[in-house]
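Only a predicted model underlies this, so the values are computations on that prediction, with no experimental measurement involved.
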Amino acid sequence: MSGKRILLIVGGGIAAYKSLELIRLLAKDGIAARVILTKAGAEFVTPLSLGSLSGDRVYQDLFNLTDEAEMGHIELSRSADLVVVSPATADLMAKAANGLANDLASTALLATDKPVLMAPAMNVRMWGHAATKRNVAQLRADGVTVMEPDEGAMACGEFGPGRLPEPQRIFEQIKTMLEGPAEYGRLSGFRAIVTAGPTREPMDPVRFLSNHSSGKQGYAIAEALAKLGADVRLVTGPTQLPIPAGVTAVKVETALEMHKAVQAGLPADIFVGVAAVADWRPATRATGKLKLKGGKDDGVTLKLVENPDILKSVATRKKDRPRLVVGFAAETSDVEKHAKAKLTRKGCDWVVANDVSGDVMGGAENEILLVSKGKVERWPRMGKADVAQKLAERIAGAFYDPESGAAE
Ligand code: CTP
């Protein structure tokens, strides 16, 4: 990626030191970083260490005449291909959301004509506060890409979402945004929820019912949507896969947990249900391990009850229904007939149907029928990443040209 340049705004927070690692990762990839350090940021990391790693002077003061002589704040804000705020504090986000410009960082953010990425870091309650939520929604509506913070133990001793995303994740997101300026941003400002993987339905502490879903297709779709700039929440059952770059993952085990995590993620603009949700769960979950009776019983009867249909519950919402709801249909026969029936029964806008009678589950390829109201489109056999990319492009297309529907 040599030749690319970012403007890195380092805000005030304990995570400011992680910007050093970010600059190092960028430099290794040939991406130059020019740094603006806020007054609060300078309490946590020194201009000297930032400057040594970036190989450039660090800009700090809006009214410093030398800065203005060398490079005005307007030019500074436009001399990069991308503006990155990391850590993005609640204060910096509030300023940017409201168009304040009372220091170098906020002025650069208001003056820039380049895409902006924010990697938030703050206390869990600050992140969850209605004011911050409003500001994040406003920034996203203005086209700023705001990453979801990581979850975990915080420096202040509390636990929850609010930690700065790991530098590697920020780096991947920067690369994605630098790579495809033409395509990138088509879904920026849109929120997507993708379910993926199997669910596990426990019988007792050591046994569960599940299926062969690998999660590959769902993860690939989450990644493809993120690459187009969407803010993606991946609600995933247990899989062996790494979380794709730029995606926020919520890990769950059971269908009930998946259902709850999806509801918590709403409202969203796009919902894609790829998970192979277990249709049933054991009616009871034994607290201790179920024991054999030494041949003295004539088999064990397991009572199953139905799980909620997550896709249907999203598609039939009266309030806050995502504008586009996409379901998957795994079929072993009469694919088209079943897919059409599923479209109506579940109330979704599109059904992506595949024939799982062969080696699709866990395999690398997929053969797809895209079914929407009154239309069916057959895609040639292709890799799961290609299916994901094509679907993500279709989704982006539907937002810009809703008349086009799913399939021509
Ligand atoms: N799905 C869901 N919640 C469930 C079951 C399925 O959200 N409890 C979603 C899947 O993620 C997928 C779609 O519904 O997008 C279809 O799943 P599939 O297993 O093919 O359909 P079923 O509803 O199980 O119908 P059938 O078993 O009759 O084919």
Side-chain angles (χ1 to χ4, degrees), residues 1 4 6-33 35 37 41 44-45 49-50 53-54 82-90 92-93 115-124 126-128 132 136 139-140 144-179 184 192 194 196 215 219-220 222-223 225-227 229-236 238-252 261 265:
M1 279 242 138
K4 295 281 183 189
I6 67 155
L7 177 67
L8 176 63
I9 298 177
V10 179
I14 192 84
Y17 76 92
K18 289 192 180 170
S19 44
L20 300 173
E21 169 70 1
L22 181 61
I23 295 170
R24 203 185 57 75
L25 287 170
L26 290 164
K28 243 171 71 183
D29 208 56
I31 303 168
V35 180
L37 180 61
F44 295 92
V45 64
S49 40
L50 286 165
L53 276 172
S54 69
L82 175 72
V83 180
V84 180
V85 189
S86 172
T89 57
L92 261 176
M93 290 203 291
V116 177
L117 169 67
M118 293 197 174
M122 67 194 71
N123 167 271
V124 56
M126 290 168 78
W127 175 251
T132 307
V136 170
L139 288 166
R140 284 177 174 152
V144 173
T145 302
V146 182
M147 294 179 77
E148 290 288 332
D150 278 355
E151 229 176 276
M154 319 214 45
C156 53
E158 288 184 78
F159 188 90
R163 282 164 61 104
L164 184 75
E166 280 307 312
Q168 183 65 33
R169 189 150 83 84
I170 304 173
F171 167 68
E172 301 280 356
Q173 180 68 31
I174 290 172
K175 279 192 64 159
T176 302
M177 292 180 76
L178 289 175
E179 255 160 24
Y184 188 81
V194 179
Y219 276 54
E223 184 170 9
L225 289 170
K227 281 203 165 142
D231 166 19
V232 183
R233 177 176 285 252
L234 174 66
V235 182
T236 172
T239 73
Q240 300 295 321
L241 304 172
I243 303 302
V247 164
T248 305
V250 183
K251 294 185 180 175
V252 297

What is the minimum heavy-atom distance between [X] and [Y], and which atoms define it?
{"X": "A16", "Y": "V10", "answer": "CB-CG1, 3.9 Å"}
{"X": "M93", "Y": "V136", "answer": "CE-CG2, 4.2 Å"}
{"X": "W127", "Y": "P149", "answer": "CZ2-CD, 3.2 Å"}
{"X": "L92", "Y": "G11", "answer": "CD1-CA, 3.8 Å"}
{"X": "P161", "Y": "E151", "answer": "N-CG, 3.4 Å"}
{"X": "F171", "Y": "L22", "answer": "N-CD1, 3.8 Å"}

Listed by chain and number, what are the side-chain contact (heavy atoms from CB on, under 4.5 Å) partners of [X], not counting sequence neighbours?
{"X": "A119", "answer": "S86, M147, L164, P165, I170"}
{"X": "A32", "answer": "R5"}
{"X": "A222", "answer": "V194, V232, L234, V247"}

Distance (rounded to the nearest 0.5 Å) between [X] [atom1] and [Y] [atom2]:
{"X": "L82", "Y": "L7", "atom1": "CG", "atom2": "CG", "result": "9.0 Å"}
{"X": "Q173", "Y": "L178", "atom1": "CD", "atom2": "CG", "result": "10.0 Å"}
{"X": "M177", "Y": "K4", "atom1": "CE", "atom2": "NZ", "result": "12.0 Å"}
{"X": "E148", "Y": "R163", "atom1": "CD", "atom2": "CZ", "result": "15.5 Å"}
{"X": "T145", "Y": "I174", "atom1": "OG1", "atom2": "CD1", "result": "11.5 Å"}
{"X": "L225", "Y": "E223", "atom1": "CG", "atom2": "CD", "result": "10.5 Å"}

| said: As a quick check of understanding, evaluate side-chain contact (heavy atoms from CB on, under 4.5 Å) for I31 and K175, giving each step before the final call. | reply: CA-CA 9 Å; I31 303 168; K175 279 192 64 159; 4.3 Å; yes
Determine whether [X] and [Y] make a side-chain contact, defined as any pair of heavy atoms from C-beta on separated by less than 4.5 Å.
{"X": "L117", "Y": "V85", "result": "no"}
{"X": "L26", "Y": "L8", "result": "no"}
{"X": "V45", "Y": "L37", "result": "yes"}
{"X": "I243", "Y": "K251", "result": "yes"}

| Donor-acceptor contact below 3.5 Å, side chain T132 vs main chain A90 | no
| task | For the pair R24 and E21, find out whether any cationic side-chain nitrogen is under 4.0 Å from an anionic carboxylate oxygen. | result | yes
| task | Decide yes or no on side-chain contact (heavy atoms from CB on, under 4.5 Å) for D231 and V146, but give the supporting numbers first. | result | CA-CA 8 Å; D231 166 19; V146 182; over 6 Å; no
